[in-house]
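Heads up: numbering here begins at 1 and tracks the sequence.
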Amino acid sequence: MPTVASNKQTVLDFYEAAFNEKDFDTVAELVGDKYTQHNPQIADGPDGLQARLRHLKETFPALRVEVRRLLAEDDYVVGHVYAVREPGQRGTAIMDIFRLEDGKLIEHWDVMQEIPAEALNPNGMF
């Protein structure tokens, strides 16, 4: 039976496989048969996710992500992630929410914010 710790590991494995290694076979193993997507730019289902990841690989082959923190409760895991599409860019701060079932990713929400050149406070986005 999946635990909070194993769900967090599944999400970490997903980030690494999907964005850093571009290993779509491993991604397929981590995603459930049904996959509900709340990002309006990505179609529902494992095929919709795979299509988006392949598009990112083609458009931004140097894309890298760094998970700064994971928070989890029950079957939900929240990732606070730093993503850089092209080396030298400031990047994007991302908050992802995943819902897992039986240890597989089955639902996803996200919000993304470009990291600005200047901020009105010294706190940073991470």
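Pro46 approaches Gly32 most closely through the heavy-atom pair CG-O, 3.3 Å. Scanning both residues, Ala72 and Val77, for their nearest heavy atoms gives CB-CG2, 4.0 Å. When all heavy atoms are compared, the tightest approach of Asp110 to Met112 is OD2-CE, 3.6 Å. Of all heavy-atom pairs between Ile115 and Ala93, the closest is CG1-N, 4.0 Å. Closest approach of Pro116 to Met125, counting heavy atoms only: CD-SD, 3.8 Å. In terms of heavy atoms, Gly91 sits closest to Val84 at CA-CG2, 4.2 Å.
Hydrophobic clustering keeps Val111 apart from Val81 (ILVMFWY residues linked when any side-chain heavy atoms are closer than 4.5 Å, directly or through intermediates). Leu71 and Val67 fall into different hydrophobic clusters, where Ile, Leu, Val, Met, Phe, Trp and Tyr side chains are chained together by heavy-atom contacts under 4.5 Å. Phe126 and Ile94 end up in different hydrophobic clusters when Ile, Leu, Val, Met, Phe, Trp and Tyr side chains are linked at under 4.5 Å.
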From CA spacing to verdict: side-chain contact (heavy atoms from CB on, under 4.5 Å), Val4, Glu73: CA-CA 6 Å; Val4 167; Glu73 180 179 299; over 6 Å; no
Test side chain to side chain donor-acceptor pair (under 3.5 Å) on His80 and Arg69 and set out the steps. CA-CA 5 Å; His80 189 194; Arg69 65 186 48 83; 2.5 Å; yes
Might you work through the side chain to side chain donor-acceptor pair (under 3.5 Å) test for Asp96 and His108, ending with a clear yes or no? CA-CA 7 Å; Asp96 285 304; His108 172 254; 2.7 Å; yes
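No donor-acceptor distance shorter than 3.5 angstrom exists from the side chain of Lys104 to the backbone of Glu101, with no hydrogens or angles considered. Proximity of a side-chain donor or acceptor of Asn20 to a complementary backbone N or O of Val65 within less than 3.5 Å is detected. At least one donor-acceptor pair closer than 3.5 Å links the side chain of Thr10 to the backbone N or O of Ser6. Remark: side-chain polar atoms of Lys34 are not paired, donor with acceptor, to backbone N or O of Asp44 under 3.5 angstrom. Between the side chain of Arg99 and the backbone N or O of Glu107 there is no donor-acceptor pair closer than 3.5 Å. Between the side chain of Asp74 and the main chain of Tyr76, no donor-acceptor pair closer than 3.5 Å is present.
In this structure, the side chain to side chain contact (heavy atoms under 4.5 Å, CB included) partners of Arg85, at least two apart in sequence or on a different chain, are Arg52, Leu56, Phe60, Leu63, Gln89.
Separation of atoms CD (Glu58) and CG (Leu53) is listed at 11.5 Å; rounding is to 0.5 Å. The CG atom of Leu30 sits 6.0 Å away from atom CG of Leu105, with the distance rounded to the nearest 0.5 Å. The OG1 atom of Thr26 sits 5.0 Å away from the CD atom of Glu29 when rounded to the nearest 0.5 Å.
Between His38 and Trp109, the ring-plane angle classifies as parallel under the 30° and 60° cut-offs.
Heavy atoms from other residues, nucleotides or ligands lying under 6.0 Å from CG of Asp33 number 12 at most.
Counting heavy atoms from C-beta outward, Val31 and Leu49 have side chains that approach closer than 4.5 Å. Counting heavy atoms from C-beta on, the side chains of Leu100 and Val11 come closer than 4.5 Å. Side-chain contact check for Phe98 versus Leu70: every heavy-atom pair is 4.5 Å or farther apart.
Ion pairing between Arg64 and Glu66 fails under the 4.0 Å rule for side-chain N and carboxylate O.
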